[in-house]
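Quick notes on the structure that follows.
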Amino acid sequence: MRQVTILGMLAALLMCSSSWAATYYVDPNGNDTSGNGSSTSPWKTLSTACSKVTSAGNTIYLNAGTYTDNNRCNLALGVNIQGAGKSSVTIKTAYNGGWGTGYIFRQTSPSSPVVHGNNEISGFTLDGSSKTLSAGIFIRGTDQINIHDIKFQSINNNAIWLEGYYDWSNNTMVEPPAYGLNDIIHDVETNDTTTSANNGPGERMGAINIGGMGNAQLYNLTINENIPGRGTGVKSVPGWLKNFKAYNWTVKTDVTDTNAFVFEMYNFLGDSEIYASTYYHTLSLNGGPQSLSAGSTWNLKIHDTVTDLTNVNLPGVVGHELSHNYLDFYNNYMAGIQGRAAGLWSTNYTTGSGVTHWRFRNNVVYNCGDGLHIVRGSNSYVEIYNNTFDTITAKPWGGSGIDAAAFSGSLSGTKIQNNLIMNTAAAPISIGGSMSNTLVDHNWFYNTGNGNTVANSSSSTTQTNNTKGVAPQLAGSGVRPDPYYRSASGTGNLVDAGINVGLPYSGNAPDIGSFEGKRLSAPVLSLN
C-alpha cells in the first residue's frame, strides 16, 4: 500500500511540473525598468528578458515588431526563445563584443558528458547592423539545442556558432572526449553573415560553424554568402561530427573566390550523411579518421546533390575536395566547372598518410575542364564505378574523364569499372606511372581524345572488356542528368553491359553508366 502511495505522489509531482514552466513577454512598446515580463507588462528587449528569465523550462516570447537591442543576451540552460515569426519580428543589434561571443550567448566549459542545454530558439529575423555584430547565436559546451525558423542578415563572422565539446588537445587528429548530442538547426536563412578575414579563430568564417557533435541534424537551410570578401557556407574545422545528417540545403558563396566553399569540413564518423542539396560552389573535405565507428559502414556518405558552377568565373577551380577516409560519394551531379569537377588528394597533416576506402560511383559530370582528378597521396582501396563523364573540355587543364596522369605517391589496386566516358578533349582515362595494379574494366569510351584509348603510363595496368568508339544509346534529351543520361530503351547497348562490382542491379548484369533502374532523387538542372 505504501508503494502505491509513493508512486501516486511521484505521478502527481510530474503532472504538476508542467505548471512550473512560465512564458515571459517582450514587446517593442515594453519597458525594461517597470515591466515584469507579463503579457500586460512586457519587457522591451530580449537582453533584459534573458537576464531575468533563468529557470529551465521557461519561455521568452517576442511579440511582433521591430526591436533595437545593443546588449548581449546571456541565455540560461533550459530557457527557450520564441518569436512571433521571422517575417513578424526583427531584432537590430550593434552589439560588438568581437570574436568569441554573440548576441545570444552561452559558453560552458566542456565536460564529459556534455551538459544538456535544452534550448529552443526560433521565430525572428536578426539584423547585425551593417555587420557590426560578430555572431548571431554563439553557444559552446552544451548540447540539445534546437535553432529554427530564423533569418540572419548583415553579420560579420557567423550567423550561428554551435559546438558541443571544444578546444581539446590535438583536436584535428584526436576524437573529442565526448560529443554534444542531438543539436538541430533547420529552416534557417542567412544573407551576408560571414567574412573571409581572420578575426580570431582562422580565415574563411562560416555562416554556420559547428563541431564536436553527435546525432546533429542540419536541414532546410538557405545560405546566401555570394558577396566578395565573404567566407564559407557551413564550416566544421576541426569538425568531429558523428552520425551527422545534413539535407535540403541551398548554398551560394562568393563565386570570385576559389576558397569560398559551401561546406569546409573535417572528421566525420558513424555513417554521417550529406544529401539532397544544391550547391553553387564546391565542398572542401580534408581529413578524417582512418577507422570506422562500431556498427558503421562508412564514415561519410555524400549523395543526391547538385553542384552548378556555371556562374563561377574562376578558371582552374579545384572542384570538390574529397579527401576523407571511408567516403562513399554517389548519385551526385556536377556541371559547368572551369577546372576539376572533383578530386582525391592529400593536402595537410590530417590526410598526410593517405586516404583509404574511397568510393566514387553513379555520379554524372558534365561540361567540366577535368572530371575526377586523382592527384597524390599514399592511398588504398579506391573504387570508381558506374559514373558518366560527358563533355570534358580541358579548360584550363586535363580533359580526361578520370585523370591521374600526374599522380604522385602510391596507389595500388584501383578499380575503374562500368563508367561511360564520352566527348572528352583528352584520353578518357589517364593513368600515372606511379599507380600500380589498376583495373580498367567494362568501361565505355566514345568520341574521346587519344582515339578512345586509355593513356597509360603504368606497366601493371589491366585493361579488359572496354568498349571503344561505339555511340552509347542514351535518351539524349530532356534535362540533365535525368532523363538525359538514361538508356534510350530497356534494350539499349548500355543495358546489362557492365560487370558485377557489388552494387545492386537488375537484369543479367549491371548497366554501364550512372543509372541502374532508378532515378536520382536530387533536384535536376537544365543546362542544355
Side-chain angles (χ1 to χ4, degrees), residues 86-87 102-104 121-122 124-128 131 133-138 145-163 183-197 202-211 213 216-237 239 241 244-265 273-285 302 304-312 320-321 332 334 522-523 525:
K86 61 186 176 183
S87 62
Y103 174 67
I104 296 173
I121 307 169
S122 67
F124 55 89
T125 290
L126 183 60
D127 187 303
K131 300 182 77 70
L133 177 66
S134 175
I137 298 173
F138 189 101
I145 312 296
N146 186 350
I147 299 170
H148 63 94
D149 293 281
I150 302 176
K151 181 178 181 180
F152 298 88
Q153 60 193 31
S154 193
I155 297 171
N156 194 49
N157 288 343
N158 317 98
I160 300 169
W161 187 296
L162 185 61
E163 289 182 282
D183 293 303
I184 303 173
I185 301 173
H186 70 94
D187 294 278
V188 163
E189 301 175 52
T190 80
N191 184 50
D192 191 11
T193 62
T194 187
T195 178
S196 61
E203 62 184 357
R204 295 193 302 275
M205 296 292 95
I208 298 175
N209 192 94
I210 53 177
M213 295 178 174
Q217 297 185 56
L218 272 68
Y219 60 93
N220 298 349
L221 305 182
T222 303
I223 296 176
N224 179 27
E225 304 297 324
N226 185 16
I227 302 165
R230 303 309 187 252
T232 60
V234 178
K235 188 163 185 173
S236 186
V237 178
L241 302 174
F244 174 75
K245 297 291 183 288
Y247 56 95
N248 292 346
W249 295 10
T250 300
V251 187
K252 297 180 179 180
T253 53
D254 180 9
V255 296
T256 68
D257 183 353
T258 299
N259 294 320
F261 308 112
V262 295
F263 196 173
E264 185 173 8
M265 46 193 172
E273 288 187 77
I274 300 168
Y275 60 99
S277 296
T278 301
Y279 306 134
Y280 294 88
H281 211 303
T282 58
L283 301 168
S284 177
L285 178 54
I302 302 176
D304 297 289
T305 68
V306 168
T307 303
D308 177 10
L309 292 190
T310 54
N311 294 317
V312 177
H320 292 316
E321 301 178 68
N332 301 288
M334 293 148 278
L525 296 173

Residue pair [X] / [Y]: nearest heavy atoms and the distance that separates them:
X    : Y    : result
F244 : L218 : CE1-CD1, 3.8 Å
G231 : A260 : O-CB, 3.6 Å
A207 : E225 : CB-OE2, 3.8 Å
Y219 : I184 : CE2-CG2, 3.9 Å
S236 : G211 : OG-CA, 4.3 Å

Return yes if a side-chain donor-acceptor contact under 3.5 Å exists between [X] and [Y], otherwise no.
X    : Y    : answer
S134 : N157 : yes
N191 : Q153 : no
E321 : S284 : yes
N158 : N209 : no

| message | Could you check, using the six-membered ring where one of them is a Trp, whether W249 and F263 have ring centers closer than 6.0 angstrom? | response |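 Distance test on ring centres: under 6.0 Å, yes.
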
Find the distance between [atom1] ([X]) and [atom2] ([Y]) and round it off to the nearest 0.5 Å.
X    : Y    : atom1 : atom2 : value
L133 : T193 : CG    : OG1   : 10.0 Å
S122 : I147 : OG    : CD1   : 10.5 Å
L283 : T232 : CG    : OG1   : 11.5 Å
K151 : T190 : NZ    : OG1   : 10.0 Å
D304 : E273 : CG    : CD    : 9.5 Å
Y279 : I274 : OH    : CD1   : 5.5 Å

[X] side chain vs [Y] backbone, donor-acceptor pair below 3.5 Å:
X    : Y    : value
N226 : V255 : yes
T305 : T278 : no
N332 : I302 : yes
K86  : I150 : no

If we only count heavy atoms from C-beta on, is the [X] to [Y] side-chain gap below 4.5 Å?
X    : Y    : answer
M213 : L162 : yes
D127 : F152 : no
I155 : Y103 : no
D149 : H186 : yes

| message | Go through it in stages, so that I can follow the logic: the residues are V251 and V234, the test is side-chain contact (heavy atoms from CB on, under 4.5 Å), and I'd like the CA-CA distance, side-chain angles, deciding distance and then a yes or no. | response | CA-CA 9 Å; V251 187; V234 178; 5.7 Å; no

| message | Which label fits F261 and H281: parallel for a plane angle under 30°, tilted from 30 to 60°, or perpendicular past 60°? | response |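 Ring orientation of F261 relative to H281: perpendicular.
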
| said: Test of understanding: with ring-ring contact (aromatic ring centres under 6.0 Å, His included), list the residues that count as partners of W161, not counting sequence neighbours. | reply: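 Testing W161 for ring-ring contact (aromatic ring centres under 6.0 Å, His included), a comparison that skips the adjacent residues, returns W99, F138.
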
| said: Go through it in stages, so that I can follow the logic: the residues are R204 and E264, the test is salt bridge (charged side-chain N to carboxylate O under 4.0 Å, His left out), and I'd like the CA-CA distance, side-chain angles, deciding distance and then a yes or no. | reply: CA-CA 9 Å; R204 295 193 302 275; E264 185 173 8; 2.7 Å; yes

| task | Before giving the answer on side-chain contact (heavy atoms from CB on, under 4.5 Å), spell out for L221 and T250 the whole-Å C-alpha distance, their side-chain angles and the decisive distance to 0.1 Å. | result | CA-CA 6 Å; L221 305 182; T250 300; over 6 Å; no

| task | Among T256, D254, D192, T195, find the one that has a side chain to side chain donor-acceptor pair (under 3.5 Å) with R230. | result |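 When T256, D254, D192, T195 are each tested with R230, the side chain to side chain donor-acceptor pair (under 3.5 Å) holds only for D192.
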
| message | Under the criterion side-chain contact (heavy atoms from CB on, under 4.5 Å), I'd like the reasoning laid out for T282 against V262: C-alpha separation, chi angles, the key distance, then a yes or no. | response | CA-CA 6 Å; T282 58; V262 295; over 6 Å; no

